[in-house]
Chemist: 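Before I ask anything, let me first share the structure, which is written out below as structure tokens.
We use all heavy atoms of the structure for the numbers below, so side chains are in, but hydrogens, waters and symmetry mates are not. All figures in this text were calculated on a predicted structure; none of them were measured in a lab.
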2 protein chains.
Amino acid sequence: MSAKPYFERHLEIKVKELEPDHADDCTLKRKPRDFPRVSGARPTVSSLARLAGVASSTVSRALKGDERISPAVRRRIAALAAEAGYTPNALARGLVGGRSGLVGLVLGPVSNPIYAEMMQEAVTEAERRGLRLMLLHAGPGPIEDSTAAALLQYRMDGCLITSAGLSSRAAAICAANDVPVVMLNRVPKLHAVAVSCDNRAGGEALALHLLETGHRRPAIIMGNADTSTSLERAEAFATALVEAGLEPPRRFPGGASHAAGFAAGQAIAGLPARERPDAIFGCADILAMGAMDALREAGLRVPEDISVVGFDGIAAAAAAPYRMTTLSVPLSAMIARGFGLLAERMSGIPLPDEVVLLRGTLQRRGTVRDTQPPG
Amino acid sequence: MSAKPYFERHLEIKVKELEPDHADDCTLKRKPRDFPRVSGARPTVSSLARLAGVASSTVSRALKGDERISPAVRRRIAALAAEAGYTPNALARGLVGGRSGLVGLVLGPVSNPIYAEMMQEAVTEAERRGLRLMLLHAGPGPIEDSTAAALLQYRMDGCLITSAGLSSRAAAICAANDVPVVMLNRVPKLHAVAVSCDNRAGGEALALHLLETGHRRPAIIMGNADTSTSLERAEAFATALVEAGLEPPRRFPGGASHAAGFAAGQAIAGLPARERPDAIFGCADILAMGAMDALREAGLRVPEDISVVGFDGIAAAAAAPYRMTTLSVPLSAMIARGFGLLAERMSGIPLPDEVVLLRGTLQRRGTVRDTQPPG
DNA sequence: TTGAAAGCGATACCAA
DNA sequence: TTGGTATCGCTTTCAA
């Protein structure tokens, strides 16, 4: 539902070439006002060295503020570099230093907005740490081999994997080549480094919340079958209910999109009234949103007729028309921690694998009916 | 509404270290089964040359299928490389060749899902062309200087800019340094290369559709004031209405998020009935979606009481609970064309600026009431 | 058809 | 405190 075959159609193309004189303005008389550029080649360490009448090693050291270079020379070279518009060549630097400053990012399908939110957080955090993000994958399905190969080709310092489970290829390549990997929002089956929300605690918290508010027949809409995330959430949720003396909750197949949640919601709405659950737990907000839409379309009111809770805390679920009660995962903190773990491992010192679990927060909003006020 | 200050809170961290023996399993006995790796250093052209008993230049040539190397040698070296698990070092290659194979990507705020969809398309297309995407920015606000500098540091071959108008900094840096830029979904005010939807044609098509279906008082919810996209769409829409003899449509301030559309929708719903528009054009789907939600919450039915149309064709707008009539932009085709333009310019041959306009498609769905069937 | 050698740009080591 | 120089891995003349 996300990647449309637009490609073949819509090829009615209008090309508007700009007037030649303006084009010239752009290609020839380019004004180096804001970003000066030496005519011809870009300035390099050795060209600066020649200008300054020193050795290139001195320039290199001066530019990174080496204490051993006299302040006077340092200042002079810095000024020269600024004037010439010098930019270090990260390729050369990476070649000799062995570290590229590049971090790979593997994202899941954008049909679940949480990946976009994670991406935005990752960009911010990477910026803060002076790292660059290489977008290796985004979408359903597994990562292409050629793309995964880029991990090695560009000598990436590490890799962040957020996708549910389909990126084992990238993980394997990293493992085989000592490229540090951190899994985000996903507890790996194999040994690895991961930062995740405490899905069990979250699932339990949601179950307790539903119990406290008087629900007796919750159902679950499952995420993708192969994701630990979904499984853990559902498992903990179910366990808490059973421990409270309820029947094991019914499970409906879901996925990772609004459409999947919608289908599950339709199935639930179509149930005879006496079989109908009194609450739905969507293992991801996007699923719960889809379910809500299906329920409403079927004439059921949320939360009057049926309560709905989600898990993720995406922005869209917080707003109208959902205002969904959910367990929000601390995205920023997770990303920050993930970069932290990565940075530690990028230094080369072998560190043991670890799994960091951050606790989410129950967001009480408007989709849970309180039939049984406490006290 | 998108980037929450989660960072400071939620720091209750549980660290679960794996058992030492397992950790060892991962750090020491790493199995090079799937992705073989030479013990110690990775194989290089010269290490392969030594193994094969030829010169490194021969290896280099053989590996890229140079006709001048005898087929026998070529095969032998290829086999050797495969066996050793050789991976070319893109950093070194970029250093000598002057081309990095890297393309920068600048995205807008993820509060508008269209950026995520564009990102996913871009990943696919980059893969197809053997280019790597460096994520330079994603979010509202302008790009960081340090990030923009990466364009030069990593000697990127080009840059794709999708963000509305805030990335002029990146554009300026590119312009000053002969890095080709292509603007996506945005017609630049300055001379540049761009691929966009024909926003005027689209706005007009939507206006005509509303006219044909008997609407007489449409209103517009504007996008960000500084985006050509929104302006063009609104302008063409308004012009078509006026040419049909209607009053100029009322304009409501909007933005680039559901929340902005929602606020505009509330303002419209709060209007006295006789002042209320009979249709709303949201300059972006996400705005129209927000407006729909506000209208429905205010008890107005869409399309019975008021029609709504959008522009973009994002996946979320096509599904329940919106099923919105909209003008969809051919995203895949735009991205493909954008990469094409970039590729042409990456060769170094100076080409004139051009603007490519692709026509969108009116998607008639369920949010326009047909009061006046044709004929 | 293949080899030797000169860089690409930056860093780091060893001298001075 | 600074200068040479080797080196990172690969490509590309220029010779053979």
Chemist: For B:L95, give me all partners under side chain to side chain contact (heavy atoms under 4.5 Å, CB included), at least two apart in sequence or on another chain.
Modeler: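 B:L95: side chain to side chain contact (heavy atoms under 4.5 Å, CB included) contacts with A:N89, A:A92, A:L95.
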Chemist: Looking at residues at least two apart in the chain, or sitting in another chain, which of them share a salt bridge (charged side-chain N to carboxylate O under 4.0 Å, His left out) with A:R345?
Modeler: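 In terms of salt bridge (charged side-chain N to carboxylate O under 4.0 Å, His left out), with neighbours along the sequence ignored, A:R345 is linked to A:E354.
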Chemist: Can you sort out the partners of A:S347 under side chain to side chain contact (heavy atoms under 4.5 Å, CB included), two or more places apart, ordered by chain and number?
Modeler: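 With sequence neighbours excluded, A:S347 shows a side chain to side chain contact (heavy atoms under 4.5 Å, CB included) to A:I349, given in chain and number order.
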Chemist: Using a 4.0 Å cut-off to any heavy atom of chain B, which nucleotides of DNA chain C are the first and last in contact, reading 5' to 3'?
Modeler: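 So the outermost contacting nucleotides come out as C:dT1 to C:dG9.
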Chemist: Which part of the nucleic acid, if any, lies within reach of A:V59 when heavy atoms closer than 4.0 Å are counted: base, sugar-phosphate only, or nothing?
Modeler: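 Nothing: the residue A:V59, judged by heavy atoms under 4.0 Å, touches no strand.
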Chemist: Let me have a per-nucleotide readout for nucleotides 8-16 of chain D, 5' to 3', with B, S or -, counting only protein heavy atoms under 4.0 Å.
Modeler: BBBBBB---
Chemist: Only counting residues at least two apart or in another chain, list the ones meeting side chain to side chain donor-acceptor pair (under 3.5 Å) with A:T124.
Modeler: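 Once residues adjacent in sequence are excluded, A:T124 has no partner under the side chain to side chain donor-acceptor pair (under 3.5 Å) criterion.
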Chemist: Are any non-hydrogen side-chain atoms of B:V195 and B:R186 less than 4.5 angstrom apart?
Modeler: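 No - every pair of side-chain heavy atoms lies 4.5 Å or more apart.
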Chemist: When the C1' atoms of the five terminal pairs at each end define the local axes, what inter-axis angle does the helix from C:dT1-D:dA16 to C:dA16-D:dT1 show, to 10 degrees?
Modeler: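 If I round to tens, the end axes sit 40° apart.
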Chemist: Taking only residues at least two apart or on different chains, which pairs with a member in residues 53-70 of chain A satisfy salt bridge (charged side-chain N to carboxylate O under 4.0 Å, His left out)?
Modeler: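 Counting only pairs at least two positions apart or across chains, the salt bridge (charged side-chain N to carboxylate O under 4.0 Å, His left out) contacts touching residues 53-70 of chain A are A:D66-A:R68.
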Chemist: Which residues satisfy the side chain to side chain contact (heavy atoms under 4.5 Å, CB included) test with A:R75, sequence neighbours excluded?
Modeler: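 Here the qualifying residues are A:P71.
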Chemist: Who passes salt bridge (charged side-chain N to carboxylate O under 4.0 Å, His left out) against A:R76, sequence neighbours left out?
Modeler: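 A:R76: no salt bridge (charged side-chain N to carboxylate O under 4.0 Å, His left out) contacts found.
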Chemist: Can you name the residues that form a side chain to side chain donor-acceptor pair (under 3.5 Å) with B:E127, not counting sequence neighbours?
Modeler: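 A:T147.
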Chemist: According to side chain to side chain contact (heavy atoms under 4.5 Å, CB included), who are the partners of B:L152, at least two apart in sequence or on a separate chain?
Modeler: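 Applying side chain to side chain contact (heavy atoms under 4.5 Å, CB included) to B:L152 gives A:R42, A:T87, B:I173, B:N177, B:V179.
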